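All of these numbers come straight from a predicted model, not from anything done at the bench. Worth knowing before you read on, the calculation uses all heavy atoms, side chains too, and leaves out hydrogens, waters and symmetry mates.
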Amino acid sequence: MSKSSKARSPLSVLADDPQGRSLGLELPSGVLVDAPGRRRWGKASEPLLWVSDEAVGVGALAAHRSPALAAAGLQAVLFQDRRGLERWWQEREFRPERMSDPDDHHVEPVLREFWSAVVPDPEEGAEGEELIAPFGRDWPGLAEGGPQAPDDPDAVACGLADELIASGALPSPRLALVPAGRGADVPTVMGWGGPANHENDTALISTVLRSWEDRFGARVVALGFDELHVSVAAPPRTAVHALPVAAEHFALSPDNIWQGSGSIRAYADEAVTGSNHWGFWWD
């Protein structure tokens with residue numbers, strides 16, 4: 001994200017104030033992860049993000065996700081490891097310099113391009129048609145926004161984080177702070193490569209997440225090596241409304257359907273209608 005790369009990271013204060021008290025925080029012990037690239041002689045590395053040393057529990061995201069933190073230019077999320085990829089954030093696989101800026105993209109062209117790349121070929125016949133029904137091979141267009149959210153989207157995000165931790169879906173999450181103006185931009189700012197098998201420019205993912213923030217009260221809650229958990233304050237409440245949202249999900253993360261529900265209809269019913277948790281993964 002070249003437009004923001006010259007600004008000094010608000011994380012720099014944590015080098016001298018590791019608990020973040022000057023930011024109104026009481027952080028657990030953690031480590032600053034430097035941005036990748038060669039360090040310039042005589043100059044300290046610029047921190048890319050901060051991650052807690054140990055796993056955090058229920059209530060951790062709520063305790064650190066506040067308007068004051070956002071005003072300081074930081075977003076609090078959770079990182080989750082997985083077997084064989086423990087502490088993946090320490091492997092220096094972040095590539096923020098390779099990402100474009102979400103400001104340079106618009107959601108509908110992004111999703112239209114994603115859709116055209118994943119819809120079944122006509123040669124797949126009835127099986128392919130059933131996978132994307134009730135839609136055809138043409139991009140069906142953006143879904144309408146959800147109903148007015150009765151709850152604060154950030155409160156919904158913290159509630160989902162607690163549910164995922166308590167249920168074991170996030171068995172050992174770390175608290176992370178990322179310098180971003182909005183949660184949707186976190187994957188791009190950190191140069192996250194989770195969707196690399198589908199899309200190398202994570203700014204396009206952030207473009208979609210920004211739109212979901214606006215239309216559905218969505219918030220980024222947690223990231224794994226190749227998975228993303230999003231809370232939704234205003235999800236679709238009917239199957240009719242959920243179907244075009246499911247089409248957007250298929251365009252963004254086709255493995256949710258290819259290796260999951262099997263069809264857009266089934267996915268809309270199982271994972272979209274009334275759901276405050278949208279999860280994505282890229283194989």
Main-chain N/O of Gly279 paired with Asn256 side-chain donor or acceptor, under 3.5 Å: yes
Side chain to side chain, Arg65 and Asp154, heavy atoms closer than 4.5 Å: yes
Inter-residue atom distance Arg174.CZ - Gln90.CD, 0.5 Å rounding: 8.5 Å
Asp201 side chain vs Ser100 backbone, donor-acceptor pair below 3.5 Å: yes
Inter-residue atom distance Ser275.OG - Phe216.CZ, 0.5 Å rounding: 12.5 Å
Presence of salt bridge, Arg219 and Asp152, under 4.0 angstrom: no
Test item: Thr202 side-chain N/O and Ile205 main-chain N/O as donor-acceptor pair under 3.5 Å: no
ILVMFWY cluster, Val58 and Val56 together (side-chain gap under 4.5 Å): yes
Heavy atoms of other groups near Glu127 CD, more than 12 under 6.0 Å: no
Heavy-atom side-chain contact between Val156 and Val232 under 4.5 Å: no
Under 3.5 Å donor-acceptor, His105 side chain and Val110 backbone: no
Partner residues of Phe280 under the ring pair (Phe, Tyr, Trp, His ring centres under 6.0 Å) criterion, sequence neighbours left out: Trp212, His249
Minimal non-hydrogen separation, Pro120 against Arg137, with atom names: O-NE, 2.8 Å
Side chain to side chain contact (heavy atoms under 4.5 Å, CB included) between Phe79 and Met190, worked out: CA-CA 12 Å; Phe79 284 178; Met190 58 188 272; 3.5 Å; yes
Intermediate values then yes/no, side chain to side chain contact (heavy atoms under 4.5 Å, CB included), Phe250 and Tyr267: CA-CA 9 Å; Phe250 176 55; Tyr267 179 80; over 6 Å; no
Closest non-hydrogen atom pair, Leu175 against Trp50: O-CZ3, 3.5 Å
Heavy-atom check, side chain of Leu131 versus side chain of Ile257, under 4.5 Å: yes
Side-chain heavy atoms of Val118 within contact of Trp258, under 4.5 Å: yes
Gap separating the CD atom of Glu113 from the CH2 atom of Trp139, nearest 0.5 angstrom: 12.0 Å
Under 3.5 Å donor-acceptor, Asp101 side chain and Asp103 backbone: yes
Pairwise distance CG(Asp283) to CG(Asp226) - rounded to 0.5 angstrom: 7.5 Å
Side-chain heavy atoms of Pro244 within contact of Phe135, under 4.5 Å: yes
Heavy-atom side-chain proximity of Arg265 to Pro134 below 4.5 angstrom: yes
Side chain to side chain contact (heavy atoms under 4.5 Å, CB included) evaluation trace for Trp192 with Leu49: CA-CA 11 Å; Trp192 183 58; Leu49 51 90; over 6 Å; no
Charged N-O contact under 4.0 Å between Asp138 and Arg112: no
Validation row: Leu32, Leu48 side chains within 4.5 angstrom (heavy atoms): no
side-chain hydrogen bond (donor to acceptor under 3.5 Å, both in side chains) evaluation trace for Asp185 with Thr188: CA-CA 5 Å; Asp185 292 350; Thr188 301; 5.7 Å; no
List the atom pairs, donor and acceptor, that lie under 3.5 Å between side-chain atoms in residues 164-173 and the rest of the protein, sequence neighbours left out.
| residue | atom | partner | partner atom | Å |
| --- | --- | --- | --- | --- |
| Ser167 | OG | Glu163 | O | 3.0 |
| Ser167 | OG | Leu164 | O | 3.3 |
| Ser167 | OG | Ala169 | N | 3.3 |
| Ser172 | OG | Gln80 | NE2 | 3.2 |
| Ser172 | OG | Asp81 | OD1 | 3.1 |

Cluster check Leu69, Leu14: I/L/V/M/F/W/Y, side chain < 4.5 angstrom: yes
Close side-chain approach of Pro47 and Val33, heavy atoms under 4.5 Å: no
Evaluation steps, side chain to side chain contact (heavy atoms under 4.5 Å, CB included), between Leu209 and Leu228: CA-CA 11 Å; Leu209 292 173; Leu228 175 67; 4.1 Å; yes
Test item: Thr207 side-chain N/O and Val107 main-chain N/O as donor-acceptor pair under 3.5 Å: no
In one Ile/Leu/Val/Met/Phe/Trp/Tyr side-chain cluster, 4.5 Å: Val77, Val51: yes
From CH2 (Trp281) to CG (Asp255), nearest 0.5 Å: 4.5 Å
For residues 17-29, dump all side-chain donor-acceptor pairs below 3.5 Å to protein atoms at least two apart in sequence or in another chain.
| residue | atom | partner | partner atom | Å |
| --- | --- | --- | --- | --- |
| Asp17 | OD1 | Gly20 | N | 3.4 |
| Asp17 | OD1 | Arg21 | N | 3.3 |
| Asp17 | OD2 | Arg21 | N | 3.0 |
| Asp17 | OD2 | Ser22 | N | 2.8 |
| Asp17 | OD2 | Ser22 | OG | 2.7 |
| Gln19 | OE1 | Arg21 | NE | 3.3 |
| Gln19 | OE1 | Arg21 | NH1 | 3.4 |
| Gln19 | OE1 | Arg21 | NH2 | 2.7 |
| Arg21 | NE | Glu26 | OE1 | 3.4 |
| Arg21 | NE | Glu26 | OE2 | 3.1 |
| Ser29 | OG | Asp53 | OD2 | 3.2 |

Considering all heavy atoms, the nearest Gly183-Pro187 contact: O-CD, 3.9 Å
Validation row, ring centre Phe94 to ring centre Trp89 under 6.0 Å: no
Shortest non-hydrogen contact between Gly194 and Trp282, atoms and distance: O-CB, 3.6 Å
Separation between CG of Leu142 and CD of Glu108, rounded to the nearest 0.5 Å: 4.0 Å
Full working for side-chain hydrogen bond (donor to acceptor under 3.5 Å, both in side chains) between Ser261 and Glu270: CA-CA 8 Å; Ser261 299; Glu270 296 168 5; 2.7 Å; yes
Any donor-acceptor pair under 3.5 Å from Glu124 side chain to Glu129 backbone: no
Over all atoms of both residues, closest heavy-atom pair of Val189 and Pro96: O-CB, 3.4 Å
For the student: nearest non-hydrogen atoms of Pro10 and Leu74, plus distance: CG-CD2, 3.7 Å
